[in-house]
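The sequence lines fix the lettering, A, B, ..., with proteins before strands; numbering per chain opens at 1. Worth knowing before you read on, the calculation uses all heavy atoms, side chains too, and leaves out hydrogens, waters and symmetry mates. Please read these numbers as outputs of a predicted model, since none were measured by experiment.
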Amino acid sequence: MLDGRYLRDNLEAVRAALGARAGGWEFDRFVQLDDERRRLISEVESRQAERNETAKRIGELMKAGQRDEAEAAKERARVINDEIASLDGSLAQAEADVREMLLTIPNVPDASVPVGADENDNVETHRWGTPPEFGFEPQAHWDLGPALGAIDFERGVKLAKSRFVVLGRDGARLNRALINFMLDTHGSRGYREWSVPTMANADTLLGTGQLPKFADDLFHTDEGLYLIPTAEVQLTNLHRDEVLEAAELPLRYCAYTPCFREEAGAAGRDTRGMIRVHQFDKVELVKFATPETSMDALDGMVADAEFILQQLGIAHRTIVLCTGDMGFGAAKTYDIEVWLPSYGGYKEISSCSNCTDFQARRANIKYRSPGEFKGSRFVHTLNGSGLAVGRTLVAVLENYQQADGSVVVPEVLRPYMGGQDVIRAEAR
RNA sequence: GGAGAGGUGGCAGAGUGGUUGAAUGCGGCGGUCUCGAAAACCGUUCUGCGGGUAUCCCCCGUAGCCAGGGUUCGAAUCCCUGCCUCUCCGCCA
């Protein structure tokens, strides 16, 4: 959410900065609604002042025993109240309209973000490692996984529905090893670990920006709860309605959770394999930083996510998303893409964003810095995958496969798999 | 799931219809005292919104005592609903 007042004062600048990103957002209608809202506030409040004055006088008249005067005043108060009630209805509508608009305008891109229309205009910032060269025809994970007993697509469908997967035997163990490796690694590098609910309420989803605009992407229960699409939702909302101390910033958090995405519109993309599924595991990174340091904090977060792939020894590259490809709440986003032989290219495995004060304003997360400024200000929130576990598992299988269909376990994961160094097919 | 109690400012804790943003204490901040510190004493200490001034400095108004409704000229104070916390019982990983 943008600051309504800031938006009013910088209307044209924001309009220009958002460009196509604004979609059909009606700037002029917003100004009209906001004018109306302000007018009504003035009216209502002057009536309320009148009402308060009258009520006070009635109390004094009653005490003085002047019943007739008191009754007359009561009648006037009733009239004023009727006026207030009617104005109040209009005001509530105006405020709802303004808020609705503010909740649906995307964040303003940072000045350093390349301007572009879609993913073709994203800019690569750097690469690490070289894609493996196989002396044989490498298999895709959707062939390799089932052959190893590591991934079972059919049974995922049987147990839930399409786009759910079951991991078996070494697939399940490798998945668990990845989660623990990621958590331990981030933990040792300054991220505080949390374990959070997998369901969240509407206020929480509103705080991070999934609601109200993207309700269709979420699974929900008939009790008004939603399955979280990412731990970012919970980690960020941990501090909803709180005031942090500048001295304790930046806060660095991480958590492992399953993530659930309905993504109705995604049908047809990545239909094979477990690249795009309704439920996947992810280790998430979240930071709370001051406005002055948040862009540096973003660079650090990207490096922390990349570090996982470097430890795993898998080739990857990092790109900065252009203005047209960024998510709703982001002011700047880096995607980390991992080399997948089955794609013959790089595939997104992490997305790290600085949401600046966009989520903080929605979730009311502030910080104070005595001596620097009075009162409190909104913090900047950042989030990034560190990493998407399912896709990392796919990357390990595909990049570490051998001619005989076995898969070498990366060195750093072996302690997490009881020393096992190779995954082989076995009779079940 | 059943029964009971309760949700007030950073914390503790008053306040059961009429200048209540809300007593008091603690904590925090500033000051006096001191070589310095402690103690003591004095002062100060919430936020959103609208307007003025004009820009984070102050003034005016308004709203806020879990949330949302209701009663009333007027509610922290009365009524209803929801949420949450605590105690006891049941159930359960």
Side-chain angles (χ1 to χ4, degrees), chain A residues 1-10 13 30-103 195 197-207 221-226 237-248 258 290-292 357 360-379:
Chain A
M1 176 162 65
L2 303 182
D3 178 18
R5 194 170 276 277
Y6 172 85
L7 183 55
R8 283 300 297 266
D9 294 344
N10 302 276
F30 172 75
V31 172
Q32 281 177 13
L33 289 172
D34 193 49
D35 279 342
E36 175 70 355
R37 177 183 135 264
R38 294 187 190 193
R39 186 183 67 77
L40 287 166
I41 285 173
S42 294
E43 287 228 27
V44 168
E45 291 192 348
S46 68
R47 293 294 199 296
Q48 284 173 331
E50 214 178 322
R51 193 260 320 272
N52 291 345
E53 190 53 44
T54 306
K56 196 195 289 183
R57 200 167 61 245
I58 290 171
E60 289 160 0
L61 289 170
M62 301 277 276
K63 226 171 269 177
Q66 299 174 270
R67 291 196 57 85
D68 292 347
E69 287 85 342
E71 285 306 321
K74 281 190 191 182
E75 188 48 43
R76 276 199 300 282
R78 274 189 281 264
V79 172
I80 296 170
N81 272 338
D82 286 346
E83 291 174 9
I84 291 176
S86 138
L87 287 168
D88 236 3
S90 310
L91 177 58
Q93 186 59 52
E95 287 185 326
D97 290 345
V98 167
R99 179 172 170 75
E100 149 86 24
M101 288 202 74
L102 285 174
L103 284 176
S195 179
T198 310
M199 294 201 276
N201 59 39
D203 283 345
T204 300
L205 275 313
L206 194 77
T221 73
D222 54 13
E223 291 178 317
L225 289 172
Y226 298 80
N237 276 283
L238 283 173
H239 293 301
R240 189 171 81 234
D241 294 322
E242 291 185 14
V243 181
L244 308 172
E245 297 295 337
E248 65 186 359
T290 62
E292 296 75 30
D357 60 1
R361 184 170 290 108
R362 288 170 162 251
N364 188 31
I365 308 169
K366 298 184 166 181
Y367 78 105
R368 64 177 153 230
S369 184
E372 191 190 351
F373 56 84
K374 271 188 73 171
S376 55
R377 295 179 180 174
F378 292 115
V379 297

Distance, P atom - from B:A39 to B:G27, rounded to whole angstrom = 8 Å

Gap in Å between the two P atoms, one belonging to B:G69 and one to B:A76, rounded | 15 Å

Find out whether the Lys NZ or Arg CZ of A:Arg377 is both under 6.0 angstrom from the six-membered ring centre of A:Phe373 and within 45° of the ring's axis.
-> yes

Whole-angstrom distance between B:C65 and B:A3, as gauged at atom C1' = 29 Å

Can you check whether A:Lys366 has a side-chain N or O nearer than 4.0 Å to OP1 or OP2 of B:C46?
-> no

So which nucleotide does B:G64 pair with, by the Watson-Crick or G-U wobble rule with both distances under 3.5 Å?
-> B:C46

Of A:Ser42 and A:Ala77, the one whose closest nucleotide on RNA chain B sits nearer the 5' end is A:Ser42

Atom-pair distance (CD on A:Gln48; P on B:U72), nearest Å = 18 Å

What interatomic distance, in whole Å, is found between P of B:A75 and the corresponding atom of B:G18?
-> 11 Å

Atom CZ of A:Arg99 and atom P of B:G48: how far apart are they, to the nearest Å?
-> 15 Å

C1' spacing across the pair B:U44 / B:G36, given as an integer number of angstrom | 25 Å

Under 4.0 angstrom, heavy atoms only, what part of the nucleic acid is A:Ala73 near: base, sugar-phosphate, or nothing?
-> nothing

Atom-pair distance (CD on A:Glu95; P on B:U62), nearest Å | 17 Å

Residue whose closest nucleotide on RNA chain B lies nearer the 5' end, A:Asp9 versus A:Ile41 = A:Ile41

Donor-acceptor contact present, side-chain A:Asn201 to main-chain A:Thr204, <3.5 Å = yes

Tell me the partner of B:A39, counting only Watson-Crick (N1-N3 plus N6-O4 or O6-N4) or G-U wobble (N1-O2 and O6-N3) with both under 3.5 Å; none if nothing fits.
-> none

Which part of the nucleic acid does A:Arg37 contact within heavy-atom distance under 4.0 Å: base, sugar-phosphate only, or nothing?
-> sugar-phosphate

Name the nucleic acid region contacted by A:Arg57, choosing base, sugar-phosphate or nothing; use a 4.0 angstrom heavy-atom cut-off, strictly under.
-> nothing

Which base, if any, makes a Watson-Crick or G-U wobble pair with B:C88, both distances under 3.5 Å?
-> B:G2

Side-chain N or O of A:Arg51 closer than 4.0 Å to phosphate OP1/OP2 of B:A63 | yes

Separation of B:C46 C1' from A:Asp241 CG (nearest whole Å) = 14 Å

Across every strand shown, the nucleotide meeting Watson-Crick or G-U wobble geometry with B:C58 (both distances under 3.5 Å) is B:G52

Spacing of A:Arg361 atom CZ relative to B:C49 atom P, expressed in whole Å | 10 Å

Just by distance, with hydrogens left out, do A:Asn52 and A:Gln48 show a side-chain donor and acceptor under 3.5 Å apart?
-> no

Distance test, side-chain N/O of A:Arg5 to OP1/OP2 of B:C49, below 4.0 Å | no

Considering Watson-Crick and G-U wobble pairs with both distances under 3.5 Å, what does B:A93 pair with?
-> none

Determine the interatomic distance between C1' on B:G15 and the same-named atom on B:C78; round to the nearest Å.
-> 15 Å

For B:U20, the Watson-Crick or wobble partner whose two distances fall under 3.5 Å | none

Residues A:Asp203 and A:Arg362 bridged, charged N to O under 4.0 Å | no

Charged N-O contact under 4.0 Å between A:Glu53 and A:Arg57 | no

So, A:Asp34 and A:Arg37, do they make that salt bridge, N to O below 4.0 Å?
-> yes

When the distance from CG of A:Leu40 to P of B:G50 is rounded to whole Å, what number comes out?
-> 13 Å

Separation of the P atoms in B:C46 and B:A38, to the nearest angstrom | 24 Å

